[in-house]
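Only heavy atoms go into these numbers, but all of them, side chains included; no hydrogens, no water, no symmetry mates. Just follow the structure's listing: the first ligand is 1, and inside any ligand the first atom is 1.
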Amino acid sequence: MKSRGKKLYEGKAKTLYEGPDPDTLVVHFKDDATAYNAEKHAIIEGKGVLNNRISELIFTRLGEIGIPTHFIKRLNMREQLVNKVEIIPLEVIVRNVAAGGICKLLGLTEGEALPRTIIEYCYKDDKLGDPLISDEHILAFGWANPQELDDIVSMTMRINDFLTGLFAGIGIRLIDFKIEYGRQYDGDMVRVVLADEISPDSCRLWDVETNRKLDKDNFRRDLGDLVDAYSEVAKRLGILHGKNEIPKRSKPVLVKSD
Ligand code: 5GP
């Protein structure tokens, strides 16, 4: 049976296709890397394969602890089958340590401890550059209702606790990450489930011993080889065992850099 149908949407790092039945979609992980709202863009061979595998493992583990997710199964090296959801237009960002956006916003130093874990929301809109918003905006504009927002906060804290431990166990500090949620309809029932992906594209991951960055900051800030860094994460998670499994690749091809 052919699992992939018509192309529905092409995003910066993933393409969505119709799935084998009306309630499912096929997500294809591309090798495209973008940063600064797509002002910087390159093709990095092997990135899609690594993110597909890493995200599969994380969504599977989160499912095992009772977090509802859209993930059904991985289909092949670049594709996974997921339940169709209505994406809630929010980027939910969790920060354990100061880095990136919060340093710029509040003048903090990268690596500084935060007083406690902070959840931020951005409104998903490329044209506006995904602006930082408050829960007041979310409720006032109806992007999520109060019950959905409560569910989002409690699931997000559980996800953070679980992932912090998962990564700590393999010598990695989870500095921050971004997740997205969607509404999954089942007859008259609707529930909020974790959607999109969790991968080194959407997390900041630092080696505990050396502080080496094992995430997309390698691309954003030209710090090092992105596939080497993501392969290291995959190896520590037990996904890649031998060198042959690391995707063979040519040099990154810069598509656009302004
Ligand atoms: P910051 O706001 O510091 O740029 O990002 C905080 C965290 O969320 C980082 O781990 C970053 O990778 C992730 N993040 C923020 N915005 C996006 C986005 O548009 N796409 C992806 N993949 N990750 C994001």
Side-chain angles (χ1 to χ4, degrees), residues 9-16 27-44 47-48 50-56 58-59 70 80 87-114 117-134 143 152 156-157 159-160 163-164 166-167 172-182 194-207 211-224 226-227 229-230 233 256:
Y9 171 78
E10 179 150 8
K12 285 175 271 190
K14 297 186 288 295
T15 307
L16 295 182
V27 182
H28 176 98
F29 286 73
K30 304 195 292 181
D31 282 338
D32 296 63
T34 63
Y36 312 116
N37 206 5
E39 277 175 29
K40 185 173 179 183
H41 180 196
I43 309 289
I44 302 180
K47 183 179 84 86
L50 286 159
N51 281 352
N52 186 24
R53 297 289 298 269
I54 294 170
S55 197
E56 171 199 12
I58 292 176
F59 273 62
H70 73 159
Q80 44 183 253
I87 287 289
I88 295 174
L90 301 173
E91 295 192 337
V92 179
I93 293 173
V94 182
R95 299 187 185 276
N96 296 311
V97 176
I102 199 169
C103 293
K104 220 166 145 191
L105 188 73
L106 301 177
L108 306 180
T109 308
E110 184 179 82
E112 206 176 300
L114 294 172
T117 296
I118 295 171
I119 298 184
E120 288 175 359
Y121 307 101
C122 294
Y123 178 53
K124 259 172 75 75
D125 185 320
D126 282 342
K127 285 198 289 301
L128 299 175
D130 300 337
L132 183 66
I133 52 164
S134 77
W143 294 321
I152 287 173
T156 300
M157 294 309 276
I159 293 168
N160 184 46
L163 292 185
T164 298
L166 176 76
F167 284 116
I172 292 174
R173 283 171 81 198
L174 178 60
I175 304 300
D176 57 31
F177 60 98
K178 183 267 301 181
I179 47 182
E180 295 183 22
Y181 290 94
L194 182 68
D196 194 49
E197 69 175 288
I198 301 182
S199 73
D201 265 10
S202 54
C203 303
R204 284 198 174 88
L205 303 169
W206 297 358
D207 180 81
N211 277 335
R212 178 186 167 202
K213 293 180 171 56
L214 299 169
D215 54 52
K216 199 167 136 188
D217 275 349
N218 282 292
F219 170 73
R220 294 188 187 101
R221 293 160 57 182
D222 296 316
L223 299 176
L226 186 117
V227 168
Y230 287 25
V233 175
K256 188 173 152 205

*Any side-chain donor-acceptor pair under 3.5 Å between Thr156 and Tyr181?*
yes
*asked:* Using a strict threshold of under 4.0 Å (side-chain N to carboxylate O), is an ion pair present between Arg221 and Glu110?
replied: yes
_For atom 3 (O) of ligand 1, closest protein heavy-atom neighbour_ = Gly101 N, 2.7 Å
*asked:* Just to be sure I'm reading this right: ignoring hydrogens, which of Glu91, Arg95, Lys178, Glu120 gets closest to atom 1 (P) of ligand 1? Compare them by their nearest heavy atoms.
replied: Arg95
*Would you say the side-chain atoms of Asp130 and Asn37 include a donor-acceptor pair closer than 3.5 Å?*
no
*In terms of atom number and element, which parts of ligand 1 are under 4.0 angstrom from non-hydrogen atoms of Ala99?*
3 (O)
*Tell me: protein heavy atom nearest atom 9 (C) of ligand 1, and distance?*
Asp176 OD1, 3.1 Å
*Have a look at Lys104, Lys216, Arg204, Arg220 and point out the one with the heavy atom closest to atom 4 (O) of ligand 1.*
Arg204
*Would you mind running through ligand 1 and noting each atom that sits below 4.0 Å from a heavy atom of Ser202?*
10 (O), 12 (O), 13 (C), 22 (N), 23 (N)
*Ring-face cation of Lys40 near Phe219 (centre distance under 6.0 Å, axis angle within 45°)*: yes
_side chain to side chain contact (heavy atoms under 4.5 Å, CB included) assessment of Leu108 paired with Leu114_ = CA-CA 9 Å; Leu108 306 180; Leu114 294 172; 3.8 Å; yes
*Among Ile102, Asp215, Asp201, Val94, whose heavy atom sits nearest atom 22 (N) of ligand 1?*
Asp201
*Between Arg204 and Asp215, is the closest basic N to carboxylate O distance under 4.0 Å?*
no
_Element-labelled atoms of ligand 1 that are located less than 4.0 Å from some non-hydrogen atom of Gly100_ = 3 (O)
